Asks: 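The structure that follows is given in the form of structure tokens.
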Amino acid sequence: MTMVTKTRFAPSPTGIMHIGNLRSALYEYLIARSEGGKFLLRIEDTDRERYVEGAVEAIYRTLDICGLHHDEGPDIGGPNGPYVQSERLHLYGEYADKLVESGHAYPCFCSVERLADMREDEETEFIGYDRHCRDLDPAVAARRVASGEPHVIRQKMPLEGETSFTDEVYGTITVMNKELEDQILVKSDRYPTYNFANVVDDHLMEITHVVRGSEYLSSTPKYCILYDAFGWDIPTFVHLPLIVGEDGKKLSKRHGSTSFDELLADGYLPEAIINMIAFLGWAPGEETREIFSLEELEAIFSAKGINKAPAVFAYDKLNWMNEQYIRRLPFDRWRAMVKDITDSMFGERQYNVDMLARVLQERVTKLGDIPEMIRFLTERLPYSAELFFNKRAKLDADVASVILKELRPALEALPVWDEETLSATLGRVCDEARRKKGQVMGALRVALAAQQVTPGGATETAMILGRQEALLRLAAAIDFLNGRRP
Ligand code: GLU
């Protein structure tokens with residue numbers, strides 16, 4: 001019987017969806033989808049100290065915004081639930097007891113103080129638990145457990161031999177069993193450790209491909225020993241490479257935004273973030289194209305294309321990708337995004353949102369750049385004579401003063417304030433005064449914007465501002481230029 005591919009995203013609700021977490025979710029989703037399998041969501045909330053209120057909602061929200069829809073999970077149920085670890089505590093206890101019975105685990109009664117002393121004892125060669133309770137008589141240990149004595153359950157690691165497994169990305173890894181610690185499986189409060197719960201859950205939930213960060217690689221032999229102890233099949237392991245900044249150091253705040261919410265707040269589109277993250281360790285073989293929609297990724301993704309070299313998160317590349325996505329957005333969607341940002345900036349004042357969105361769609365790198373880019377539209381910036389100086393256009397403050405005075409009556413007389421009429425009129429003024437278009441447009445642009453470089457030219461700026469504001473600014477520029485004279 002061929003098994004249906006099944007992957008899981010197993011986040012801990014600790015508050016923040018880091019780029020690394022989202023990459024795990026994406027690769028898990030893509031491996032499932034590319035093989036016609038299932039993708040499941042499991043909430044790993046057994047570490048109560050790290051639990052953050054609202055974090056579970058953030059996980060749902062992120063998956064939803066990114067389009068990573070799951071087939072089973074706490075919110076939609078499924079055949080292998082419950083999908084929240086804190087609702088599965090009885091299962092971990094049951095399975096731990098089985099291991100104790102079969103001799104693969106044992107209760108340990110060592111006090112916290114004893115463990116601390118042991119760690120301080122520099123004579124101890126073995127790093128980790130010294131296996132003090134490992135050889136207690138099982139019947140005696142069982143009686144102590146039955147009497148309610150506080151204890152944890154530890155895994156009884158084989159003391160000889162070695163354990164090997166083959167990871168899809170990192171290849172075959174072998175460790176000497178004697179180097180493995182008798183790790184805790186169930187804590188004294190009966191909560192499981194991650195090290196135990198992930199094995200029990202991945203088996204019971206029929207996960208075929210365990211996909212996760214490479215920080216779990218070194219623990220995987222211990223998990224393999226657990227699978228063997230239960231007589232369960234070992235899933236395929238796919239460990240993902242470390243994510244680093246351009247300096248080769250582990251990606252951190254020093255490099256820039258590192259969580260999904262921060263990237264959204266910076267103004268990156270979810271589609272661009274997903275596209276960028278898809279390439280953090282994976283490449284589509286021969287293909288050199290880099291822009292892929294989620295749907296396209298679903299079709300071509302393969303764990304075979306994952307590379308173990310550290311994956312570089314380059315913000316320049318993300319910027320480039322975001323630009324590609326913005327340029328291709330359907331205009332109505334883009335316009336709505338722009339309006340969301342600019343309405344509050346313009347306040348009561350009228351402005352032409354269609355023209356503004358059109359101008360910005362060709363130029364914006366990320367939404368967060370918009371407020372600064374258009375500050376000259378929402379605020380009247382101060383003029384200076386230097387602003388009107390442009391050698392190539394043969395323009396300076398004196399020439400500009402003459403030009404603006406020529407333009408003013410023509411613009412005031414416009415019957416309608418639309419692009420066509422504005423362009424035609426500006427063209428006519430240039431012809432009549434025998435002036436180069438660049439000179440006239442340059443003067444008008446500075447008059448309207450009080451800056452030399454603007455997204456869009458003079459006509460577009462005049463359109464965005466609207467008749468009233470444009471004419472007021474023109475008048476203000478003329479006043480300024482007049483005022484310079486004695
Ligand atoms: N809860 C673990 C984490 O968030 C999951 C690791 C795994 O995928 O097994 O890191």
Side-chain angles (χ1 to χ4, degrees), residues 5-32 37-52 54-63 66 68 70 72-74 80 82-89 91-92 165 167-170 173 183-185 187 191-227 232 234-243 250-251 258-261 277 280-281 303 306:
T5 296
K6 201 169 177 190
T7 62
R8 84 301 192 271
F9 179 42
S12 305
T14 52
I16 292 171
M17 184 71 106
H18 288 289
I19 288 167
N21 299 131
L22 189 54
R23 182 194 49 184
S24 295
L26 176 63
Y27 284 21
E28 286 148 3
Y29 172 86
L30 291 174
I31 288 174
K38 297 240 178 293
F39 170 59
L40 158 169
L41 174 65
R42 176 171 81 223
I43 301 295
E44 301 205 327
D45 62 343
T46 56
D47 191 347
R48 305 312 284 180
E49 274 158 34
R50 291 177 64 218
Y51 185 85
V52 171
V56 175
E57 289 68 30
I59 292 165
Y60 286 128
R61 186 170 39 81
T62 306
L63 293 180
C66 294
L68 306 181
H70 49 283
E72 295 174 32
N80 305 113
Y83 295 92
V84 178
Q85 285 188 329
S86 58
E87 295 169 19
R88 301 172 63 80
L89 298 182
L91 284 169
Y92 310 121
F165 70 98
D167 182 82
E168 284 291 287
V169 178
Y170 289 82
I173 293 180
Q183 61 175 350
I184 297 179
L185 304 178
K187 296 177 264 186
Y191 268 74
T193 55
Y194 164 80
N195 289 331
F196 186 50
N198 88 88
V199 170
V200 172
D201 287 348
D202 285 340
H203 171 74
L204 295 180
M205 295 181 182
E206 301 173 327
I207 300 305
T208 60
H209 293 64
V210 171
V211 184
R212 61 184 160 216
S214 55
E215 66 273 24
Y216 291 98
L217 204 52
S218 62
S219 299
T220 302
K222 300 181 195 173
Y223 307 150
C224 291
I225 293 172
L226 279 175
Y227 281 100
W232 294 340
I234 293 181
T236 301
F237 291 111
V238 184
H239 285 91
L240 308 178
L242 187 68
I243 301 175
K250 189 172 186 299
L251 191 71
T258 54
S259 73
F260 179 70
D261 282 342
I277 287 180
L280 289 179
I306 302 174

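Each ligand, and each atom within it, is numbered from 1 in the order the structure gives. Excluded from the calculations below are hydrogen atoms, water molecules and symmetry mates; all remaining heavy atoms, backbone and side chain alike, are included. These numbers come from a predicted model, not from an experiment.
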Asks: Take atom NZ in Lys222; do more than 12 heavy atoms of anything else shown fall under 6.0 Å from it?
Replies: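 Counting neighbours around NZ of Lys222, more than 12 heavy atoms of other residues, nucleotides or ligands fall under 6.0 Å, so yes.
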
Asks: Does atom NZ of Lys250 have more than 12 heavy-atom neighbours, drawn from other residues, nucleotides or ligands, at distances under 6.0 Å?
Replies: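 Atom NZ in Lys250 is not crowded, with 12 or fewer foreign heavy atoms closer than 6.0 Å.
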
Asks: Name the closest protein heavy atom to atom 8 (O) of ligand 1, giving the residue it belongs to and the distance to 0.1 Å.
Replies: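 Here the closest protein heavy atom is Arg8 NH1, 2.8 Å.
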
Asks: With a 3.5 Å cut-off and no angle check, do the side chains of Tyr92 and Asp201 form a donor-acceptor pair?
Replies: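 Note: Tyr92 and Asp201 side chains meet the donor-acceptor criterion.
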
Asks: Using the ring centroid of each side chain, check whether Tyr29 and Phe9 are separated by less than 6.0 Å.
Replies: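 Centroid separation for Tyr29 and Phe9: 6.0 Å or greater.
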
Asks: Which one of Thr7, Ile277, Leu240, Val238 satisfies the side-chain contact (heavy atoms from CB on, under 4.5 Å) criterion with Ser24?
Replies: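 Of the listed options, the one satisfying the test is Leu240.
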
Asks: Please state which protein non-hydrogen atom is closest to atom 1 (N) of ligand 1 and give its distance, to 0.1 Å?
Replies: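 Protein heavy atom at minimum distance: Glu44 OE1, 2.6 Å.
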
Asks: Can you tell me which residue and heavy atom of the protein come closest to atom 6 (C) of ligand 1, and the distance to 0.1 Å?
Replies: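 I find the closest protein heavy atom is Tyr194 OH, 3.4 Å.
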
Asks: May I ask you to check whether Ala10 has an N/O atom sitting below 3.5 Å from an N/O atom of ligand 1?
Replies: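 Yes: some nitrogen or oxygen of Ala10 is under 3.5 Å from one in ligand 1.
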
Asks: Let me know which of Tyr170, Tyr216, Phe165 forms a ring-ring contact (aromatic ring centres under 6.0 Å, His included) with Phe237.
Replies: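 By the ring-ring contact (aromatic ring centres under 6.0 Å, His included) criterion, Phe237 pairs with just one of Tyr170, Tyr216, Phe165: Phe165.
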
Asks: Among all protein heavy atoms, pick out the one at the shortest distance from atom 10 (O) of ligand 1; state its residue, atom name and that distance to 0.1 Å.
Replies: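 Among all protein heavy atoms, the one nearest atom 10 (O) of ligand 1 is Tyr216 OH, 2.7 Å.
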
Asks: For Arg212, take its heavy atoms, then give the atoms of ligand 1 lying under 4.0 Å from any of them.
Replies: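 It comes down to these atoms of ligand 1: 7 (C), 8 (O), 9 (O).
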
Asks: Is it the case that ligand 1 has an N or O less than 3.5 angstrom from some N or O of Glu28?
Replies: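 Min N/O separation from ligand 1 is not below 3.5 Å for Glu28.
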
